[in-house]
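Everything on this sheet refers to the single structure shown next.
Here is the naming used below: chain letters follow the sequence lines, and residue numbers restart at 1 for every chain.
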Amino acid sequence: MALDPNSVFQFSPTHRLQWEETQQKHVILYPEGLVELSDSAAEILKLCDGTRDLSEMVTALENKFETTDLMDDVAEFLEAALHNGWIRERSHH
Amino acid sequence: MAGSGNARITNPRWLLAELTYRCPLQCPYCSNPVDFAQHLDELGTEDWLRVLSEARAMGAVQLGLSGGEPLTRPDLAILVRHARQLGYYSNLITSGQGLTEERIVELREAGLDHIQISIQSPEKTLNDQLAGTESFENKKAVARLVKKHGYPMVLCVVIHRQNIHQMREILEMAIELQADYLELANTQYYGWALLNRAQLLPTRAQFEEAEAIAQDYKARLQGRMKIYYVVPDYYEDRPKACMNGWGTTFLTIAPDGLALPCHAARDLPGLNCPNVRDMSIEDIWLHSEAFNHFRGEDWMREPCRTCPERTKDFGGCRCQAFQFTGDMNATDPVCGLSPHRALVDRVIRATESGEQAPAGQPLTFRNTRNSRLLATD
């Protein structure tokens with residue numbers, strides 16, 4: 001399932017994204033669930049604020065980490081995040 | 001200390017706070033200890049606030065507020081508010097009895113994250129019979145109120161021989177109530193459930209038919225409702241990864257302050273579970289004998305000790321090993337590699353032939369009176 005380039009992404013209102021000091025990790029919390037995130041996954045999810053589409057998120061991340069070619073990795077992660085219900089997708093326009 | 005070996009001690013991440021053993025329901029599969037009436041001296045508010053703070057400092061983040069019926073605690077909203085301020089993700093595990101709309105709003109404002117409501121059966125007569133009290137209509141009304149106030153709504157139905165034929169109706173009820181999550185928990189045989197096992201354990205054919213229905217709905221409801229299906233481990237060939245490994249993840253505090261590596265561990269002999277009235281959570285988690293007893297692999301015997309699967313299932317459940325073999329160090333007897341697997345098969349065979357549950361043999365309901373009677377036997 002390919003992502004719609006016009007979609008923007010928003011973190012699920014029924015999940016919580018939180019920094020855990022003791023684990024030194026971000027986690028996602030939901031009923032009966034606790035997912036420990038890698039740093040890169042957390043960086044992507046923090047950009048899911050309902051204003052950015054895929055290419056805008058990639059640009060923001062590439063600028064922040066001074067790198068290129070993140071498109072495939074970010075798209076793959078967002079698809080998995082959608083599947084898991086961590087984020088929601090809606091049309092930009 | 002026995003068993004600890006060189007195992008690295010991880011932080012607790014799940015705290016199950018059993019606030020009380022009081023409950024208006026009498027479910028015959030309750031996981032509370034059969035002798036709960038001997039342990040009614042509940043922790044006070046200050047103790048619970050301290051337990052929440054100390055466990056959070058150790059890393060606990062998922063919080064289950066359970067019991068008994070946690071709504072019988074008048075200080076529930078105080079505990080929820082404190083939990084939210086500490087950064088817990090908190091879950092009220094309730095029968096729904098006593099959950100008014102006013103209380104739902106109060107708890108929401110205090111910062112409660114979600115509510116899990118148990119329903120015994122999608123059919124009123126059976127629900128009320130299993131709960132030992134008229135509760136069906138109230139449970140459905142509460143489920144709708146939970147939804148109305150914006151909580152993720154989790155329905156929990158415990159599955160056993162009395163309701164397993166209703167699997168399809170259970171799933172349809174969850175759809176009708178717009179559950180976000182449905183926990184289909186095949187009964188695990190501890191506490192009162194073990195006492196009533198002859199009347200509760202389904203046959204393999206019943207279990208397989210119900211599981212096929214559940215898996216079919218699970219696939220179809222993908223994205224709409226998340227279904228957690230808890231398998232009945234007697235019908236598996238390998239043990240469950242009990243507690244994700246002893247003393248690695250889960251911490252249970254019983255109503256009387258006893259700290260348990262799993263919520264059934266009170267029944268294990270000589271474990272000397274510590275009490276939060278005497279020790280801090282940090283001391284309990286890191287240094288108590290009980291939490292170190294089955295940490296790591298040094299305690300394991302054959303066939304676990306050299307088994308390539310030991311890192312996956314951790315030797316299974318210590319309480320189940322004790323129940324069947326009298327030895328809590330044994331391999332979980334549901335494992336096909338256990339020399340004691342025949343003991344589990346014997347229970348299954350008795351169920352299949354019907355000899356274990358003569359027609360009309362009554363269930364023993366979970367209530368204070370029965371608890372007192374059984375404890376003095």
Turns out that what part of Y228(B) lies under 4.5 Å from chain A's heavy atoms comes down to side chain
Most contact-rich option vs chain A, by heavy-atom pairs under 4.5 angstrom, among V154(B), N91(B), D113(B), is D113(B)
Applying a strict 4.5 Å limit to non-hydrogen atoms, the region of E32(A) in contact with chain B is both
- Query: Is there a donor-acceptor pair closer than 3.5 Å between any side-chain N or O of S90(B) and the backbone N or O of L63(B)?
  - Reply: no
R50(B) side chain vs S280(B) backbone, donor-acceptor pair below 3.5 Å
no
Any donor-acceptor N or O pair under 3.5 Å, side chains Y229(B), N186(B): yes
Under 4.5 Å to a heavy atom of chain A? For Y89(B) that would be both
Can a cation-pi geometry be assigned to R295(B) and W285(B), taking NZ or CZ under 6.0 Å from the six-membered ring centre and within 45° of the ring axis? yes
